[in-house]
Trainee: 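Quick one: this structure, given as structure tokens, is what I'll be asking you about.
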Amino acid sequence: MFEEDTIAAIATAVGEGGIGIIRLSGPVAIAVVHDIFRGAKGQRAAGQQSFRAAYGHIVDPASGQTVDEVLLLVMRAPRSYTREDVAEIHCHGGPLPLRRILGLVLSAGVRLAEPGEFTKRAFLNGRLDLSQAEAVIDVIRAKTDASLRMAVGHLAGAFSEKVRAFRQEILRLVAHLEAAIDFPEEDIEELAAQDVAEAADKLRTEIDRLLATAQTGRILREGLATVIIGKPNVGKSSLLNALLGEKRAIVTAIPGTTRDIIEEYVNIGGIPLKVVDTAGIRETADVVERIGVTKAREAMASADLVLLLLDASAPLAAEDKEVMNLLADRRAIVLVNKTDLPAAIDMAEVKRLAPDKPVVRISALEGTGVEELEKTIVEMVYTGQVSQAEGAFVNNVRHTAILRQARDSLAAALATIEAGMPPDCIVVDLRAAWEKLGEVTGETIGEDIIDQIFSQFCLGK
Ligand code: GDP
């Protein structure tokens, strides 16, 4: 399914860099570069060996002017990223050399690539399946080691393999039932249905087990949206600073001055914590302050994790208690701060008001207890999932939705068997599950969804 036209784009990030790369892919990629590249020893692109770099210059054929000093890499089909002929021009990483060289390539009749088009071709030409192609962008955007491990696992096909195994098993069950249809004696059909019920139930459990990783996977991929709430002056900014390990948020002793919501990622044991620092939740007449309070409530509503700060050096205030009531159904950790000061807080009351929440004693000022807080967060997110096994975690909503629907089809098949329906009815449900799962790897999927997935990629990828 090779594309007709040749595409090109700047593959490196915008701005200044040591090296910048222009990538071409398609039938005339090498011929186009041949016309503008002059090797230092007279080499030309057409004769260049695959995967060998040639040193030379890009020369504007119209003016004979040298544009930049470059290395040229040629990768011939099918052993390339896209499985088409690919050429990469490594020039100096400035906007001008890159744009000039891209301009020369485009004026030779090459089309500017759309975002993600190189990877889309890699998918269409069978080098990557759809889930692997999606992982490419996850590798690029990985925020921590753990999210990178997950993305690289997906890219290597760890997740696709699981889904393929599910599909194969379903196909085996379909074949088993169809064989029974060919011999329609009552007892054979019944035996087949029983076998299938057992296997489908096992499969459903396996899919559920995989789905159980979805939340951790999503958090590793997108970050754990975290709000720090508490009265003014309780130490929210100080805690954020302690987590960041450097002074970035503004810390002040005047109540309620942290008015803006600041968003930054902190690496907590591999979990990208997206911190939203909010103003206190004290009801106040001050207009500006109230905007901060409203934002805090909103942030809490969409947060994955709430960190509630209490002051160890003062008794619990009415507003502290009010907030503790809001924590009931949320993932939250109660932090008792300022433990370096003489204690005045009633810890028994804290436990009573937040009975099922972990309570961690810290001093944001001195940095004590922060390690225990990090450990608590990691345990909360992984909820028993093995770290290092992230490679096969479900990590995006598309995959989650597919797995859920496939599981529902299996449940429907089980109900059909239970109801004593004939094998061809069971086969319908099983086939639906099989079809659905094929959308993960892209074996059964519409072009519109494919386009939508690749449009989220960056230019040149
Ligand atoms: P926020 O209003 O909740 O963001 O509170 P800040 O982080 O601005 O802290 C308010 C004041 O409390 C500052 O003077 C901090 O130095 C102080 N503070 C914060 N954490 C601690 C702590 O653990 N111990 C002590 N002794 N003081 C703290």
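What you are looking at is a predicted structure, and each value in this text was computed from that prediction instead of being measured. Note that ligands are numbered from 1 as they come in the structure, with each ligand's atoms numbered from 1 the same way.
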Trainee: Charged N to carboxylate O under 4.0 angstrom, R331 versus D304?
Mentor: no

Trainee: Passes side chain to side chain contact (heavy atoms under 4.5 Å, CB included), M75 versus Y81? Steps please.
Mentor: CA-CA 9 Å; M75 289 156 279; Y81 185 63; over 6 Å; no

Trainee: With respect to D340, determine whether any N or O atom, backbone or side chain, lies less than 3.5 Å from an N or O atom of ligand 1.
Mentor: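 N/O-N/O distance under 3.5 Å: yes.
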
Trainee: Closer than 4.0 angstrom, basic N to acidic O: yes or no for K321 and E349?
Mentor: yes

Trainee: Is I362 close to ligand 1, meaning an N/O of one under 3.5 Å from an N/O of the other?
Mentor: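 Not met; the criterion fails.
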
Trainee: Do any N/O atoms on P232 end up under 3.5 angstrom from N/O atoms on ligand 1?
Mentor: no

Trainee: Which ligand 1 atoms, with their elements, are less than 4.0 angstrom from a heavy-atom of A364?
Mentor: 20 (N), 23 (O)

Trainee: List every atom of ligand 1 that sits less than 4.0 Å from any heavy atom of S238, numbering the atoms from 1 in the order shown and giving each element.
Mentor: 6 (P), 7 (O), 9 (O), 15 (C), 19 (C), 20 (N)

Trainee: Does this structure show an ion pair linking E134 with R221, if we count only N-O contacts that are shorter than 4.0 Å?
Mentor: no

Trainee: Between L341 and ligand 1, which part of the residue brings a heavy atom under 4.0 Å of the ligand: side chain, backbone, both or neither?
Mentor: side chain

Trainee: Give the numbers and elements of all ligand 1 atoms closer than 4.0 Å to a heavy atom of K231.
Mentor: 3 (O)

Trainee: Does an N or O anywhere in E366 fall below 3.5 Å from an N or O of ligand 1?
Mentor: no

Trainee: Does the structure place the NZ or CZ of K461 under 6.0 Å from the centre of the six-membered ring of F454, at an angle of no more than 45° from the ring's axis?
Mentor: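 Cation-pi check for K461 and F454: fails.
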
Trainee: Decide side chain to side chain contact (heavy atoms under 4.5 Å, CB included) for T12 and I19; before the verdict, give the C-alpha distance in whole Å, the side-chain angles of both, and the deciding distance to 0.1 Å.
Mentor: CA-CA 8 Å; T12 41; I19 299 169; 5.9 Å; no

